[in-house]
Q: 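Please find one structure pasted underneath; my questions will follow.
Here the structure is a predicted model, which means the values were calculated and not measured. These values consider heavy atoms only, across backbone and side chains, with no hydrogens, waters or symmetry-generated copies. Sequence lines set the chain letters: A, B, ... in the order given, protein chains first and strands last, and positions in each chain run from 1.
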There are 2 protein chains.
Amino acid sequence: MKPKKTEQNTEQMIKEAAKKVFLERGFDGAKLRHIAEESGTTMAMVNYYFRGKEQLFQRIFLETMGVFLGKVISILNEEVPLEIKVWKVADTYTDFLQANPHVPVFVLAELQKDSSEIFEKLNVKSLIESTYFTKQLQIEGEKGTIRNVKPLQLIVTMLGSLVFPFMAKPIVSYIGGMDDAAYKAFLDERKVIVFETIMAYLKPV
Amino acid sequence: MKPKKTEQNTEQMIKEAAKKVFLERGFDGAKLRHIAEESGTTMAMVNYYFRGKEQLFQRIFLETMGVFLGKVISILNEEVPLEIKVWKVADTYTDFLQANPHVPVFVLAELQKDSSEIFEKLNVKSLIESTYFTKQLQIEGEKGTIRNVKPLQLIVTMLGSLVFPFMAKPIVSYIGGMDDAAYKAFLDERKVIVFETIMAYLKPV
DNA sequence: GTCTATAGAGCGATAGAC
DNA sequence: GTCTATCGCTCTATAGAC
């Protein structure tokens, strides 16, 4: 039987503390002492449950990247009309990032250092390749209802437009003179703008 | 008289080594030992010229971010037609990032930790606000030759679309099954796509 | 200016008592 | 399972010879 107590156990508390600290400070900036303190236990406990900083990090990194990518992939695979799908990506992704604003920089920064073979573990490639989204774009393109586009290029444009304002928040909010509430409004407004931008581009020429 | 020797002096060698190491590994991951080794001198020399890791980092970070932002700002301020301007941003920025692929993650990751008052030093705000680009969008919008848009939103869409593929290279190239040459082609192709996307969005509705 | 040697603080990991 | 105490290592920074 799995432990199902609503009261958290130590392992879970450490994992959550570690996630917070790693996301805010990166692998090199995060110290086991911070994680222990944040979790309310000790360094000895961190090592007892996770056998070292590196292994604790791997667990959290894989999980976080899985969510980061999985969000898009599952939406792209839904069998709904293109227009609805584009909106759903913009809407869902923005909401997710507003709840987890550190995820993009964390994932992309750590990936830079260690561009290894973690992707296979999450079988990311096949999921994008076999996605309904790709077929959808091809079929609509042949019918002439949309411009002919390369799926990966479109995805990069869409994700870049959605993710960038979270990574560049310090600069953008400073330039725009926005406090946190104003920045939230800016991000919500972007849902519509990104949707309109993608749809405008897809319109046949 | 400034030293003008083409043969590099020690200070310059250390600075270039530090830039390389900081850009690749971030502040916390970069060690003075790596910088000393990379520069062919010693840690004592690094401290002799730059009085500590923190100050060396500040110099390099400010300089790098200045270039990162300055590139766009100067193009946006040019008094050329909108269409040419959008193309120029896509073209110039992509070329710059291909020569300096680590810059975006470096700048955005470090900014996350230390969202302080560095922007005033580079008087970034006024430069965007008073830019010819803003007026241009407003005038064309009133004339009805383009859609009414918010300048900052448009800039974020444009920069996000251009910068994201550099930050996400490990994932994107893996998904697309691209080697470095293929990825360069992908990025060059994006110049046109980003240009077309922005122009399609600007078209009056 | 440049080096070697080392001080002094902080790091991850573990031993051992409870 | 959980803690305290501590080991051995690496880090930044500097003293001091040349």
Q: NA contact type, B/A30, heavy-atom cut-off 4.0 Å: base, sugar-phosphate, or nothing?
A: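 Result for B/A30 = sugar-phosphate.
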Q: Any donor-acceptor pair under 3.5 Å between the side chain of A/R33 and the base of C/dG12?
A: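 A donor-acceptor contact between them is present.
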Q: Take atom CG of B/L56 and atom C1' of D/dA13, then tell me their distance rounded to the nearest Å.
A: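 For the pair B/L56 CG and D/dA13 C1', the rounded distance is 14 Å.
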Q: Classify B/F50 by what it touches in the nucleic acid, base, sugar-phosphate, or nothing, heavy-atom distance under 4.0 Å.
A: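 The answer is nothing, as B/F50 stays clear of every strand by at least 4.0 Å.
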Q: Quick check for you: among D/dA13, C/dA13, C/dC3, whose closest atom lies nearest to any side-chain atom of B/N47?
A: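 Nearest listed nucleotide: D/dA13.
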Q: Using atom CE of A/M43 as one end and atom P of C/dT14 as the other, report the distance to the nearest whole Å.
A: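 Atom CE in A/M43 sits about 10 Å away from atom P in C/dT14.
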Q: Please tell me which of the listed nucleotides, D/dC11, C/dT2, D/dT2, lies nearest to the side chain of B/T10?
A: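 Out of D/dC11, C/dT2, D/dT2, the nucleotide with an atom closest to B/T10's side chain is C/dT2.
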Q: Which atom pairs, one a donor and one an acceptor, fall under 3.5 Å between side chains of residues 45-55 of chain A and the rest of the protein, sequence neighbours left out?
A:
residue	atom	partner	partner atom	Å
A/N47	OD1	A/G52	N	3.3
A/N47	ND2	A/M43	O	3.4
A/K53	NZ	A/F27	O	3.0
A/K53	NZ	A/A30	O	2.8
A/E54	OE2	A/Q58	NE2	3.2
A/Q55	NE2	A/R51	O	3.4

Q: Find the distance A/E37:CD to D/dT4:P and express it as a whole number of Å.
A: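 Result: 13 Å.
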Q: I need the CG-P distance between A/L32 and C/dA13, as an integer number of Å.
A: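 Answer to the nearest Å: 6 Å.
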Q: What is the separation between atom CD1 on B/I14 and atom P on D/dA13, rounded to the nearest whole Å?
A: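 The answer, rounded to whole Å, is 13 Å.
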Q: Which whole-number value in Å describes the distance from B/Y48 OH to C/dG1 C1'?
A: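 After rounding, the gap between these two atoms is 5 Å.
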Q: D/dC11 P sits how many Å from B/I35 CD1, rounded?
A: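 To the nearest whole Å, that distance equals 12 Å.
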Q: Take atom NZ of B/K85 as the centre, draw a 6.0 Å sphere, and report whether it contains more than 12 heavy atoms from other residues, nucleotides or ligands.
A: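 Yes, NZ of B/K85 has more than 12 neighbouring heavy atoms, counting only those of other groups under 6.0 Å.
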Q: Using OP1 and OP2 only, check whether a side-chain N or O of A/T42 sits under 4.0 Å from D/dT2.
A: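 False: A/T42 side-chain N/O out of range (4.0 Å or more) of D/dT2 OP1/OP2.
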Q: Taking atom P of D/dC11 as reference, at what distance in whole Å does atom CD of B/E54 sit?
A: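 Going from CD in B/E54 over to P in D/dC11 covers 18 Å.
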Q: Identify whether the distance between the nearest side-chain nitrogen and carboxylate oxygen of A/K191 and A/D188 falls below 4.0 Å.
A: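 Salt bridge between A/K191 and A/D188, a charged N being under 4.0 Å from a carboxylate O: yes.
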Q: Looking only at side chains, do B/S161 and A/S161 share a donor and an acceptor under 3.5 Å apart?
A: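 A donor-acceptor contact under 3.5 Å links the two side chains.
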Q: Nearest of D/dA13, D/dG1, C/dT14 to any side-chain atom of B/K53?
A: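 It is D/dA13.
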Q: Test your reading of the model: is there a side-chain donor-acceptor pair from B/Y183 to the backbone of B/V172, 3.5 Å cut-off?
A: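 It does not hold such a pair.
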Q: Please pick, from C/dC11, D/dT4, C/dC3, the nucleotide with the shortest atom-to-atom distance to any side-chain atom of A/A44.
A: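 It is D/dT4.
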